Each structure stands twice: as structure tokens, then as C-alpha cells.
Number of protein chains: 2
Amino acid sequence: MEQMSRNIGYQLKKIRGQRSLSLDDVAKATNVSKAQLAQIEKGESNPTVSTIWKIASGMRISFSSLLQPPCGQFQKFDEKTSTVVSEEDGKYRVYSIIPYDPERGWEFYKIEMDPGVIHRSEAHSEGVEETLTVISGQVFVEAGGMNEHLSQGETLVFSGSQEHHYENPTNETTILHLILQYR
Amino acid sequence: MEQMSRNIGYQLKKIRGQRSLSLDDVAKATNVSKAQLAQIEKGESNPTVSTIWKIASGMRISFSSLLQPPCGQFQKFDEKTSTVVSEEDGKYRVYSIIPYDPERGWEFYKIEMDPGVIHRSEAHSEGVEETLTVISGQVFVEAGGMNEHLSQGETLVFSGSQEHHYENPTNETTILHLILQYR
DNA sequence: GAAAATTGTTTATTATAGTATACATCTGTC
DNA sequence: GACAGATGTATACTATAATAAACAATTTTC
């Protein structure tokens, strides 16, 4: 069962409860069948966009409110279970810690750069901002004609919508955390 | 063909064009089949929420960006084509000018109150704000223990999440515009 | 207490979402 | 000019979304 189907089901059931409505009440307000609403609430259906649109319209709620995970819940991510998504000759390893989520709008990576490695990156599309933090070691960053040297504990924010590259100028592995935010 | 399917198709085609990607490129980035992407772009498919989620994730865009109508287009609404949605004994007529849209979050009504009519409204759920404008005539508004008298050209904003009522104290029909915004 | 109504669940059915594959056309390479 | 590759479209097929209706349990009404 997809997490998103569960989220939609949870949010729909929650708002129905808050308003003390029956499945029949919601069916009338939204023009979606009672059986389908029941399945959606149980997270047992992958509804079409127009069905969710009908529900949001009939209930007078925003579309995205139905896509939110349950409020106040923890979401724990463990770098040990993260996946390698890129590995240039094994010397520049990128791990996805928090994957991109269309509602959140950013993604979170851990990067390991072996000594002397230079990573070149092409410009992303418009509106991408990178936030780079050195966890250990050092990194040299060049983007858009600007240069910066970062040590442990330092963070750099810059536009990823231009060519940029990272370099590990030390003789030990550099560990980085990278947030890519898309606007 | 639903307007929303057209919007999704338009936005997807636009962003694919901006990034100079083929259908095959997008299929690989999103794990949605080329045939389905083609149908979605043509607005010939009513995709499921998880398909759109895959597209938004793979393309690194927000979910709602795919739901937007084409940018910069006019959307004209004519009160002549609006529908009567409520008519208490024919003396209090409510016309939907702009229906609720889950992305916009509000709806727009025209109200006609005959002389002497009192309209009572129960409290809406939490987070509903009413914006009432007198187009012609006058109206007396009571909500949450507060009272206000409005003449032509005056506008009142108040919380619709409490019992409220309108009264036409004159001997002519009052015309009102009402925006209901849901947060 | 009986009957009606309400509520959520289940089932049979239809419509369509979504895919793999084939196809037609166009573009690039030699 | 021939061929390979890329591109978007069309098709056959499977999986499932969505509905109408039936059902079982509970609640409400008299």
C-alpha cells in the first residue's frame, strides 16, 4: 500500500470525522461513490486526480491538504539504509537520504569525496538552490565565477542553475550534506 | 475533456519543452510509460494521483505546478451564465459566479435579497472567512455578537466559522457579492 | 420490541488507466 | 542514398478505478 494512498485516506477520514459526516454525506457533497470513498479512506485505492479534485472541491479543502502525511508524526531517515545513487569510479559517492517529495520540494543527499577528487556538475534547470554543509574534511566550491573554500561545520548556499564543481583539496575523504531545493 | 486534464497536459508539455526532453527521457526519469505520458500531454487521460506524483518527483517539480491553468490566460466569468445554487422561497437568491477550486481556495457568489428578507447561516467549519460587498442597496450583518450596517460600495470581512445572518432593511432588492475563502 | 433508516462493507460489472510492443515518420550519420 | 536511431502515435492487452446495488450490523424512531 503506497504511503501516499495512506496519507490521502487518513486525511479524508480525519476531516470527515471532524465534520461528523457519513460516507453518504461526503458522497453527495462530492459526487464520488460511497464505495470508492470507503476504499480511499482505507488507502486501498489509487484514485485518479479528478476524483481527488472532486473530493477537495466538494469538501472545500485544498488539493494539497489531502496529500499531507499525518500531522505531528516523526519521519526518521537512516543514512545506513540510504541508497547510492551515483558513484563516479567509486571516488565520489552520492547517497539519497531524503528523496524528492513534490510537496516538500527538496531532496537531501550525503556525499563522500575521496582525496583529490573533482566533481563537475552541469547547470540544473532554473530555480534550483544548493545548500552544502561540510560534515568532515574540506571542500572547494566554484560556481558562476565565484570560489569558496569550506571547512568542517561551514555551509554554503548558491544557485545550482549554473555550472559548478566541487573539489576535495585534502588527503582525506570529505563528507558533505547537500540539500537541493527546487522552486 | 476535462479542463484539469488539459491543464496537466499543457504544464507537462511545457516543462518538457523547456528542458528539451523527449517522451522517452521523461519516461525514464519518472517510471511512467511513454504512451501514458503522451496521452497525459494530450489531456486524453485522467491519470491517477500516484502517476502524477511519479511525474512530479521525477521532474523535480511541485505537485500543484501540474494542476495550474496555463499562465497568463484570462478566465472570464459571466454572471449571466451563472447557476442559482440556492433560492429560499425565491426571496434570497444565491448565484455561483466562480465555483470553488481546490488550488484557489475560495468561491465567489452573487446574492439577491428581496426587501425585508433575513437570511440565517449556520457556522461553517473552522477557517472560513467571508468578504461581503454591497453592490446595490443595504445590508445589516450580525455575526458572533457583532453588528454592522453596510451601504453600497462598502465591504465587510468576518469569520464565517460562527453563526451569522444578513438582513435587507430597505424596501428594494439588495445585491451582494460574497467571497468565501477556506483556510 | 419491531420496523425503518443509517452506516460501512462487499460484490459484480463496466470503463479506463497504464504498459509493452509495433508502427510511421523524421533526423542524424556514414 | 542507405541505414540506424530517435521521436511520437497507435494498438492489444492487463490491471484496477469507479459505480450501482446488495448486504450485514447498528442506530433511531415509533
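Here is the naming used below: chain letters follow the sequence lines, and residue numbers restart at 1 for every chain. Owing to the predicted nature of the structure, the values given are computational and were not obtained by experimental measurement.
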message = Can you confirm whether the side chains of B:Ser5 and B:Asn46 place a donor and an acceptor under 3.5 Å from each other?
response = no
ask   = Have B:His149 and B:Glu154 got a donor and an acceptor in their side chains that come within less than 3.5 Å?
value = no
key: Inter-residue atom distance B:Leu21.CG - B:Ile15.CD1, 0.5 Å rounding   = 9.0 Å
note = The side chain to side chain donor-acceptor pair (under 3.5 Å) partners of B:Ser161 (sequence neighbours excluded) come to none
N/O-N/O pairs, protein side and nucleotides 17-24 of chain C side, under 3.5 Å:
residue	atom	partner	partner atom	Å
C:dG18	OP1	B:Thr48	N	3.1
C:dG18	OP1	B:Thr48	OG1	2.4
C:dG18	OP1	B:Thr51	OG1	2.7
C:dG18	OP2	B:Gln36	NE2	2.2
C:dG18	OP2	B:Thr48	N	3.4
C:dG18	O5'	B:Gln36	NE2	2.9
C:dT19	OP2	B:Ser33	N	2.8
C:dT19	OP2	B:Ser33	OG	2.8

Any residue meeting side chain to side chain donor-acceptor pair (under 3.5 Å) with B:Ser64, in chain and number order, not counting sequence neighbours = none
query = Which residue pairs pass the ring pair (Phe, Tyr, Trp, His ring centres under 6.0 Å) test with at least one member in residues 2-37 of chain B, sequence neighbours excluded?
reply = none
ask   = Taking five pairs at each end of the helix from C:dG1-D:dC30 to C:dC30-D:dG1, what angle separates the two helix axes (nearest 10°)?
value = 30°
inquiry  = Restricting to side chain to side chain donor-acceptor pair (under 3.5 Å), what partner residues turn up for B:Thr30, sequence neighbours left out?
reply    = none
inquiry  = For B:Glu167, give me all partners under salt bridge (Lys or Arg N to Asp or Glu O under 4.0 Å), at least two apart in sequence or on another chain.
reply    = none
task = Mind running a 4.0 Å heavy-atom check of residues 18-28 of chain B against DNA chain D and sending the residues that fall below it, in number order?
result = B:Ser22, B:Leu23
key: Cluster check B:Tyr109, B:Leu150: I/L/V/M/F/W/Y, side chain < 4.5 angstrom   = yes
ask   = At what distance, to the nearest 0.5 angstrom, does OG1 of B:Thr51 lie from CD1 of B:Ile40?
value = 6.0 Å
task = Would you please name every residue forming a salt bridge (Lys or Arg N to Asp or Glu O under 4.0 Å) with A:Asp24, sequence neighbours left out?
result = A:Lys28
message = I need the full list of salt bridge (Lys or Arg N to Asp or Glu O under 4.0 Å) pairs touching residues 101-111 of chain B, with sequence neighbours left out, sorted by first then second residue.
response = A:Arg60-B:Glu107, B:Glu79-B:Lys110, B:Lys110-B:Glu112
inquiry  = Under the criterion side-chain contact (heavy atoms from CB on, under 4.5 Å), I'd like the reasoning laid out for A:Ile135 against A:Gln152: C-alpha separation, chi angles, the key distance, then a yes or no.
reply    = CA-CA 5 Å; A:Ile135 302 303; A:Gln152 185 177 5; 6.0 Å; no
request  = Provide the start and end nucleotides, 5' to 3', of the part of DNA chain D that has atoms under 4.0 Å from heavy atoms of chain B.
outcome  = D:dT7 to D:dA10
inquiry  = Please determine whether a side-chain nitrogen or oxygen atom of A:Arg16 lies at a distance below 4.0 Å from atom OP1 or OP2 of C:dT7.
reply    = no
note = Contact check, residues 58-68 of chain B vs DNA chain C, heavy-atom distance under 4.0 Å, returns none
key: Linked, directly or transitively: A:Met113 and A:Phe140 (ILVMFWY side chains, under 4.5 Å)   = no
Donor-acceptor side-chain pairing of A:Asn7 and A:Gln11 below 3.5 angstrom = no
